[in-house]
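Heads up: the structure comes next, in structure tokens.
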Protein chains: 2
Amino acid sequence: MATVSVRDVAALAGVSVGTVSNVLNRPEKVSPSSVQRVHDAIDKLGFVRNDAARQLRAGRSHSFGLIVLDAGNPFFTDLARGAEDRAAADGLSILLGNSGNDLRREAAYLDLFETQRVSGVLISPFGEQVARLERLRDRGIPAVLVDRAARGTSFSSVSVDDVSGGRIAAQHLLDIGRRRLAFVGGPRSIRQVSDRLFGAHSAVEATAGGSIEVVATSDLTVLEGRRAGAELAARTPGDRPDGIFCANDLVAVGVLQGLGILGGIRVPDEIALIGYDDIAFAQATVVPLSSVRQPSGLIGRTGLELLLAESSDGPPDEPQHIVYQPELVVRASTAV
Amino acid sequence: MATVSVRDVAALAGVSVGTVSNVLNRPEKVSPSSVQRVHDAIDKLGFVRNDAARQLRAGRSHSFGLIVLDAGNPFFTDLARGAEDRAAADGLSILLGNSGNDLRREAAYLDLFETQRVSGVLISPFGEQVARLERLRDRGIPAVLVDRAARGTSFSSVSVDDVSGGRIAAQHLLDIGRRRLAFVGGPRSIRQVSDRLFGAHSAVEATAGGSIEVVATSDLTVLEGRRAGAELAARTPGDRPDGIFCANDLVAVGVLQGLGILGGIRVPDEIALIGYDDIAFAQATVVPLSSVRQPSGLIGRTGLELLLAESSDGPPDEPQHIVYQPELVVRASTAV
DNA sequence: CGTTGTCAATGAATCGTTTCATGCTAGTCC
DNA sequence: GGACTAGCATGAAACGATTCATTGACAACG
């Protein structure tokens with residue numbers, strides 16, 4: 001159980017500890033023969049760097065913290081993956097925290113990251129943590145917000161344009177000739193919902209003969225979607241929309257069930273249907289769902305890059321707000 | 001940006017650094033008045049413990065590593081949550097790694113955990129990491145395998161009895177009076193698949209008049225399930241099973257689509273259907289799916305407890321293999 | 001030949017916390 | 001009053017990697 005340190009490696013290789021450290025960190029500064037001997041010694045002893053000592057000396061860790069709202073959500077797992085891959089490219093790592101929409105957990109992760117002296121925090125904030133994040137920044141730990149345009153704060157952010165996504169979805173329905181649209185989703189207090197609806201509105205308003213009604217749901221679940229779908233199916237054919245845009249894919253799956261199974265309405269012939277988020281399930285419904293995809297991995301990668309920049313150059317004069325455009329994914333539910 | 005250390009706290013509180021440390025770690029050894037003054041100083045200076053220094057001194061970190069096969073899978077997010085909550089109860093934390101069925105990533109996380117000197121590793125192994133884990137154990141880092149009964153290795157494990165789960169599912173179909181069963185799933189090379197099938201077999205064999213046929217799929221996806229469902233629906237009524245057990249919920253969702261929408265067969269009246277895993281979607285299908293639920297959180301919690309024990313008492317003489325029983329969840333798809 | 005510069009290697013000092021042997025004080029007991 | 005004890009407090013040493021001022025060797029140059 002004897003723990004192997006640079007000291008032991010140095011002794012075996014017949015060099016000083018300083019040289020061992022140089023081999024580890026700037027091998028180009030060391031003569032090839034020393035490099036060789038040090039490596040041999042490392043292999044022989046099975047030396048593994050002690051990160052704690054490294055961090056202590058460096059004053060900060062080689063990790064970044066990432067707090068996501070829901071680790072089960074593919075959007076966030078992809079985002080995390082993007083950030084991780086970017087970090088790994090520089091030999092850095094990510095500490096992943098799942099706040100699960102819980103203020104206490106979110107705060108606990110920030111505490112943890114602070115005691116760990118991470119090099120930066122990437123967060124999709126649930127609570128109002130701006131004050132807390134400012135304190136971290138005062139201590140030299142930068143933060144970048146993801147999945148939320150943080151205009152008005154002094155933090156940089158990386159997000160997706162939900163307004164644009166809503167417009168893209170509605171425009172697609174209009175492009176395939178539908179004019180009487182419906183938006184299914186709610187509550188509007190969720191920013192994503194209101195943004196997507198707003199975008200849809202703007203597309204419809206720009207189109208002659210276009211109209212859009214809102215069918216509110218109490219949350220974004222399959223069940224609520226089904227209820228809304230059944231409600232629409234029960235209308236007389238003339239009163240029904242011919243294109244439906246749902247606030248997310250779960251709702252769309254429900255609407256599809258409500259229309260098709262319960263109401264006997266054919267998708268996309270009678271009503272075209274499009275969701276949002278492009279969850280894995282969207283491809284696997286009876287009629288595969290069209291959807292709007294967010295560049296989740298890219299968001300994570302970019303967020304990490306902003307952090308890297310801030311952690312080496314210090315805080316920027318002006319926070320950057322990077323907004324990505326979502327992408328339309330066409331499947332059978334809107335195929336004409 | 002001045003970094004605040006115990007030294008500063010001690011100076012402000014008018015005590016020694018040793019006393020500050022004692023307040024932090026064994027307040028009962030310190031006089032109430034000192035405790036008070038130290039806490040005041042901590043608050044005033046905004047002191048935050050430096051974990052790196054703590055770890056360095058302690059020789060090990062206050063974290064455990066957890067490697068899961070698929071961070072998006074609710075089974076693993078629940079498992080992680082269980083482990084985290086248990087760790088948090090002792091003021092410890094979890095470093096979560098998502099191997100995503102990738103050997104390189106799995107190995108990279110083990111490297112990371114080793115340099116971080118975690119107190120233990122909880123892993124749902126993808127590759128054959130036994131040798132690697134033994135090396136870690138030699139260095140004083142215990143490991144426990146989750147979601148895999150590790151008999152034959154010297155490591156403890158926590159898993160779920162898939163044979164029993166298969167039996168429970170099939171028995172349930174038999175209990176509601178079905179006799180001509182079908183098992184849909186594959187390939188059998190996946191241990192979960194063969195175990196569940198084996199369990200189902202054993203239930204059927206113990207029942208007079210019971211039979212079970214296997215409808216193989218090439219993987220466990222909705223698409224394959226739908227194909228299998230359509231195939232069964234195309235048979236003459238007398239040739240069809242009256243109860244179907246699917247290797248997982250995705251397949252079951254597909255079968256439901258194949259039978260119902262494409263074949264016009266009523267579930268559960270003509271054919272009862274049960275899946276496995278109880279994914280969130282199982283409740284949201286047109287006919288809510290019965291399923292078999294695994295105690296994921298409990299697995300994580302128990303795994304962490306084994307680790308805690310091993311990390312304080314040293315390796316046990318005999319590895320422990322804890323096997324939990326899955327639980328039947330009855331919904332409309334088998335309601336009689 | 002003496003000076004200068006380059007390249008390697010050295011090893012003591014450092015990061016911040018915890019531990020532990022030691023010291024001090026006040027109280028208790030005989 | 002002296003001998004102990006219990007209760008607190010002290011502060012130097014230790015953990016292991018990195019840094020940096022310094023040394024040494026050697027070549028190039030005038």
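Every value quoted in this text rests on a predicted model; they were computed, and no experiment measured them. Each chain gets a letter, A, B and so on, in the order its sequence line appears, and its residues count up from 1.
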message: Taking the basic N atoms (NZ, or NE/NH1/NH2) and the acidic carboxylate oxygens, is any pair closer than 4.0 Å for A:Asp51 and A:Arg54?
response: yes
query: So what does A:Gly59 hit on the nucleic acid, given a heavy-atom distance under 4.0 Å: a base, only sugar-phosphate, or nothing?
result: nothing
- line: Comparing nearest nucleotides in DNA chain D, the 5'-proximal residue of the pair B:Ala58, B:Ser34 is B:Ser34
message: Whether B:Arg26 contacts C:dT19 is assessed here as follows: a side-chain N or O lying under 4.0 Å from the phosphate OP1 or OP2. Is that the case?
response: yes
statement: B:Leu24 has its side chain closest, among D:dT10, C:dT18, D:dA17, to C:dT18
message: Classify A:Val15 by what it touches in the nucleic acid, base, sugar-phosphate, or nothing, heavy-atom distance under 4.0 Å.
response: sugar-phosphate
task: Take B:Lys44 and B:Asp8 through the test salt bridge (charged side-chain N to carboxylate O under 4.0 Å, His left out) and record every step on the way to the result.
output: CA-CA 11 Å; B:Lys44 190 162 209 168; B:Asp8 306 309; over 6 Å; no
message: Can you tell me if A:Asn25 touches the phosphate of D:dT18, counting only side-chain N or O atoms and a distance under 4.0 Å to OP1 or OP2?
response: yes
- prompt: Tell me: CZ of A:Arg60 to C1' of D:dT19, nearest whole Å?
  reply: 17 Å
message: Can you see if the side chain of B:Arg54 gets near the phosphate of D:dC15 - specifically, an N or O under 4.0 Å from OP1 or OP2?
response: no
message: Just the rounded figure in Å: distance from P of D:dG16 to NE2 of A:His62.
response: 18 Å
- prompt: Can you tell me how far P of D:dA14 sits from CG of A:Leu56, to the nearest Å?
  reply: 17 Å
A:Asp8 CG - D:dG16 C1' separation (whole Å): 10 Å
statement: Atom CG of A:Asn50 and atom P of D:dC15 are separated, to the nearest Å, by 12 Å
query: DNA chain C: A:Ser31 or B:Ser5, which has the more 5' nearest nucleotide?
result: A:Ser31
- prompt: Nearest-Å distance, CG (B:Asn22) to P (D:dG7)?
  reply: 15 Å
- prompt: Which is true for A:Val20 with a 4.0 Å heavy-atom rule: it touches a base, it touches only sugar-phosphate, or it touches nothing?
  reply: nothing
- request: Determine: side-chain N/O of A:Ser21 to OP1/OP2 of D:dA17, distance under 4.0 Å, yes or no.
  value: no
Approximate separation, where rounding is to 0.5 Å, of A:Ser99 OG and A:Ile67 CD1: 7.0 Å
task: Using only side-chain N and O atoms of A:Arg117, determine if any of them is under 4.0 Å from OP1 or OP2 of C:dC15.
output: no
statement: Rounded to whole Å, the CD-C1' distance (B:Gln55 to D:dC15) equals 12 Å
task: Starting at atom NZ of B:Lys29, determine the distance to atom P of D:dT10, rounded to an integer number of angstrom.
output: 17 Å
task: Among C:dT17, D:dT18, D:dG16, find the nucleotide with the atom closest to the side chain of A:Val17.
output: D:dT18
Nearest-0.5 Å distance that lies between atom CG in A:Leu145 and atom OG in A:Ser159: 9.5 Å
message: By nearest atom, which of the nucleotides C:dA9, C:dG16, D:dA17 is closest to the B:Thr3 side chain?
response: C:dG16
task: Choose from C:dG16, D:dG11, D:dA17 the nucleotide whose nearest atom is closest to any side-chain atom of B:Ser16.
output: D:dG11
message: What verdict does the salt bridge (charged side-chain N to carboxylate O under 4.0 Å, His left out) test give for A:Glu114 and A:Arg132, after you've listed the backbone C-alpha separation in whole Å, the side-chain angles of each residue and the deciding distance to 0.1 Å?
response: CA-CA 11 Å; A:Glu114 195 172 354; A:Arg132 189 67 210 286; 2.9 Å; yes
query: Do B:Arg37 side-chain atoms and B:Ala13 backbone N/O form a donor-acceptor pair below 3.5 Å?
result: yes
message: Using only modelled atom types and a 3.5 angstrom limit, is any donor from either the side chain of A:Arg57 or the base of D:dT18 paired with an acceptor on the other?
response: yes
task: Classify the nucleic acid contact of B:Arg49 as base, sugar-phosphate or nothing, counting any heavy atom under 4.0 Å across all strands shown.
output: sugar-phosphate
